[in-house]
Every structure is written in C-alpha cells, then in structure tokens.
Amino acid sequence: MDPRKIRIEDYQYELPDERIARYPLPERSASKLLIWNNKSIVDDRYANLMSHLPRHAVLVFNDTRVVPVRLVFQNKNGARIEVFCLEPDLNQTPSEAMQQTQRVVWNCLIGRKSKWKEDRLILTFPQGQLIANLLESPADTFRIEFEWSPAEWSFAEILKAIGEMPIPPYLKRASEPEDVVRYQTVFATNDGSVAAPTASLHFTPELLNQLKDHGIETKFLTLHVGAGTFKPVKSETLDGHTMHAEWMDISINLLESLLQAYLAQRPIFSVGTTSLRTLESIYWMGVKCFLNPTISESELQLKQWDAYELPQHLKIEEALQHLMEWLKRREIDRLAIQTAILITPSYPCRSITGLLTNFHQPASTLLLLIASVVGEDWKTIYQHALNNDYRFLSYGDGSLLFNSRRCD
C-alpha cells in the first residue's frame, strides 16, 4: 500500500462525547486495560499488567516532562489574551530553551489575537514580571520574545510560577490544580513537552516496583511531545498532510542497552506512541548512518516519508550499531535531534513486540499508528472498548497490543 494514498476516512469511528474521560481516575493503575494478542481480547486493569507480559520483557518509557506553557495575559482594557508556547525558535531544543535566562523566543499560538493592540503585554506575579513582545509571524504561528525578571530565573522556572498546564482541547474545560500532578508521569524528568505521553500516566511507583520484582526491565528515552500531536488530518489522503516534527533526546548508553536487549531477543514493549516513534526513528537514523557514515546531523533528521524511501533490509541490531559508531566517531554521548516520522498502516514496526497505549481520536495519525501494529483489527479492538465502557483519550483507559505485523 502506498502510504501517501491512504484515505483518512477509512480510519473514522464514532466516539460519543460521554466516552471521553474528562478527568483521571482517583488511582492511576485502576484504569482498565484491554489486552489484544493474536486476535484474542482480554479485559483487565493496569494494576495486573505484569501478568500479561512475557518473562524478561523490557518496557521503554518516555521521561519527558510537561511544562505549563499556557500563559494568560491581559491587555490595558483587561481583556484576556491566551498565549500557548509551541516550540522554541532558532533551532533550540526544548530542553535548551527551558534553561534560558533573561530572554527567549518561542513560536506560539495566540487566543483572541485581535485584542493584542499594544507593543507588548506584561504579566506580573509576586516575584517579578514576564513581558511578551510580538515579533514577525510565520505562516500559522506567532513569534514572541519573552523577557522577564528575576533575570536569573530560567524560562522553566517562570512557566512553573505563572503558566497553566496545557491539557488537551478536547477535554473542553480549564486546567485545574489536579492536572498539575495528574497530567504528568510519576517519572517525568526532562522539561519540554506541551502534551503528556499519556500511556505512562497509568503507572505508579508501586506498579513500577512490582514490574521490577517480576524481572521486567524499564528503560527511558526522551521525546518532547508537540502540540502537533493533536493536529487533525484534514486532507483526504496522507499525501496532503504535513507531519509535525518533535525533538528527541537519546544517549549512547540507551542505544547500548537496547542493542543488548535485541541481541538477547528480549521482548520489547513501547509504553506509548511517542516511545514507539522514537524507537523507529532510531532505526532509520541507523540506516542513514549505514548508507553514509559521514552524514551530517541535519541530514540525519527523520523526515515524514524517509521510512518508506530508505532501504528496508537492515536488521535493527545492525542499525543500532551503525548509529552508535556515528556517535563515537563524533565523540558525543547523546543526540538531540528532530523526527517527523509518519507511521501508517502500511508500515511494519521493527522495534517492538508490543505497544501500551490509550484509545485515540478518530481519523488521527495516532490511530494510523495503531493500525500499523494490529492491522485492520483496530476496528474490532475499538468496538470492543466502546461496547465495554472503556474511557477514551488522554485521561482514559489503555490497551496492550501485541505486534502482529513486525518486520525483523
């Protein structure tokens, strides 16, 4: 199947509004868990996850941290103007931009832009103030220069002092104090996301310890989730859709540990679509290093259709080795780089035995990714979830999907 010709209407389903989880359950691991394996469906809870995983499995998590990037200013007449920080300007990584002091430039969305008449907006708080200066605008976003005091504070500290959590728009409610804790994983470490890696929201320290006691290993990578994760596919076919790019941060130590797991033929499970996008991107970067050992960092970035146009024969162990050799030649031990990989139903995932994930919106790129793992059975899985009172989307329940279409 030519991925460019895939019709998004084939990935529609009816999601009743009342099935969208507006709030999380009181206990993270109490969420329901649908297990799909070889066309068989079992219903359980996240608290019992370990009983559904193979011995010596490896779970790969995304340790990004959601930043409160929604800022509410007022103009001189008191009208509310909302600024949503999407991504840093000037090719900075989100982690770098968050550590910036004194000033920084971000690409943003602006709610009620018509109310912004002044040269700049000022938001005061007990310890200081944040000033927003509107610069020239790219196509569909706005460049804003932020300056603040105390100048020695990082931008992350400013946002934590005055920003609001960017809960998904489909929740149709304002952010509440509970979201500061619950729209964040218990192991979130690296500031930079504007949306949570929601499959990991079900995990508690107790559940992680239980998995460890059962011999299940956990590994952590970083992909900073962008607002593009909510971007709908508006074109009839995928050739008219532009996939958003996101920053990922991977270390050579992670690559080495993944390589050892693959060589030992351990079952690898991605916790979330963001972890899967990163693992598959790592594979294709390794393919690029195999084709050109002196490839530049900018050429190494993953574009939307790279995974369909590059040679397909390399094993994942070989790809990891080539990427590690590229890093060693450059004498660097970690890499922050963008990926715009688009995983579609025609794409066979190479990196995983299975995927832990929530239930996603109709006609979304995330649903296309699910179909890459389970094929047309996504319809059966989602209908079962709808028929059995599963809660959908970010604060909803989840599924453990075994990869029926793996390409070794």
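- Not one N or O on the side chain of N77 forms a donor-acceptor pair closer than 3.5 Å with the backbone of A79.
- Qualifying ring pair (Phe, Tyr, Trp, His ring centres under 6.0 Å) partners for F187, counting only residues two or more places apart in sequence or in other chains: F61, F220.
- Of the charged side-chain nitrogens involved, none lies within less than 4.0 Å of a carboxylate oxygen, so that R277 and E280 do not count as a salt-bridged pair.
- A salt bridge does not link K32 to D44: none of the charged side-chain nitrogens sits closer than 4.0 Å to a carboxylate oxygen.
- Side-chain atoms of S394 and Y170 include a donor-acceptor pair closer than 3.5 Å.
- Remark: K315 does not engage E317 in a salt bridge, criterion side-chain N to carboxylate O under 4.0 Å.
- Applying the 6.0 Å contact sphere to CG of D119 captures no more than 12 heavy atoms from other residues, nucleotides or ligands.
- Judged by distance alone, the side chains of S281 and T339 do bring a donor and an acceptor atom under 3.5 Å apart.
- Scanning for side-chain hydrogen bond (donor to acceptor under 3.5 Å, both in side chains) contacts around Y11 gives an empty result, with sequence neighbours left out.
- Within a 6.0 Å sphere centred on CD of E18, other residues, nucleotides and ligands contribute more than 12 heavy atoms.
- Side-chain contact annotation: Y183 with E178, donor-acceptor N/O pair under 3.5 Å absent.
- In this structure, a donor-acceptor pair under 3.5 Å is absent between the side chains of T64 and N190.
- Here Q210 contributes atom CD and L49 contributes atom CG; the two are 10.0 Å apart, rounded to the nearest 0.5 Å.
- Neither side chain, N253 nor S251, offers a donor N or O lying under 3.5 Å from an acceptor on the other.
- By the 30° and 60° cut-offs, the orientation of the rings of F146 relative to F73 is parallel.
- Electrostatic pairing of D306 and K303 does not count as a salt bridge here, judged by no charged N lying under 4.0 Å from a carboxylate O.
- For the residue pair S296/E299, the side-chain donor-acceptor check at 3.5 Å is satisfied.
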Exercise. Verify salt bridge (charged side-chain N to carboxylate O under 4.0 Å, His left out) between R80 and E82, making sure each step is shown before the conclusion.
Key: CA-CA 7 Å; R80 176 187 173 102; E82 186 176 293; 3.5 Å; yes
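- Salt bridge absent: K219 and D63 never bring a charged side-chain N and a carboxylate O closer than 4.0 Å.
- Of the charged side-chain nitrogens involved, none lies within less than 4.0 Å of a carboxylate oxygen, so that E147 and R120 do not count as a salt-bridged pair.
- Remark: side-chain polar atoms of Y308 are paired, donor with acceptor, to backbone N or O of L342 under 3.5 angstrom.
- Between the side chain of N107 and the backbone N or O of L86, no donor-acceptor pair lies under 3.5 Å.
- Proximity of a side-chain donor or acceptor of N358 to a complementary backbone N or O of L393 within less than 3.5 Å is detected.
- The neighbour count for E236 CD, taken as heavy atoms of other residues, nucleotides or ligands under 6.0 Å away, does not exceed 12.
- Residues R19 and D397 are not paired through a salt bridge, judged by the lack of any N-O separation under 4.0 Å between the basic side chain and the carboxylate.
- Side-chain contact, S95 with H224: a donor N or O sits under 3.5 Å from an acceptor N or O.
- Relative ring orientation between Y46 and H202 is described as parallel, the plane-to-plane angle staying below 30° on a 0-90° scale split at 30° and 60°.
- Between the side chains of H241 and S235, no donor-acceptor pair of N or O atoms lies under 3.5 Å.
- Atom NZ of K113 sits in a crowded spot, with more than 12 heavy atoms from other residues, nucleotides or ligands closer than 6.0 Å.
- In the model, Q260 has a side-chain atom that pairs as donor or acceptor with a side-chain atom of E256 under 3.5 Å.
- Checked by atom type, the side-chain pair Y395/D179 shows a donor-acceptor distance below 3.5 Å.
- Within 6.0 Å of CZ in R55 there are 12 or fewer heavy atoms belonging to other residues, nucleotides or ligands.
- In terms of heavy atoms, R65 sits closest to D191 at CD-OD1, 3.0 Å.
- Side-chain contact of N403 with T353: a donor-acceptor pair under 3.5 Å is absent, judged by distance alone.
- Here the closest heavy-atom approach between residue W247 and residue P94 is recorded as CD1-CD, 3.2 Å.
- Annotation: the span from L367 atom CG to K379 atom NZ amounts to 10.5 Å, rounded to 0.5 Å.
- For the residue pair R4/Q304, the side-chain donor-acceptor check at 3.5 Å is not satisfied.
- Side-chain atoms of V58 and F269, non-hydrogen and from C-beta on, never get closer than 4.5 Å to each other.
- Atom CD of E309 has more than 12 neighbouring heavy atoms from other residues, nucleotides or ligands inside a 6.0 Å radius.
- Applying the salt bridge (Lys or Arg N to Asp or Glu O under 4.0 Å) test to every pair with at least one member in residues 84-112, sequence neighbours left out, gives these pairs: D89-R143, R103-E145.
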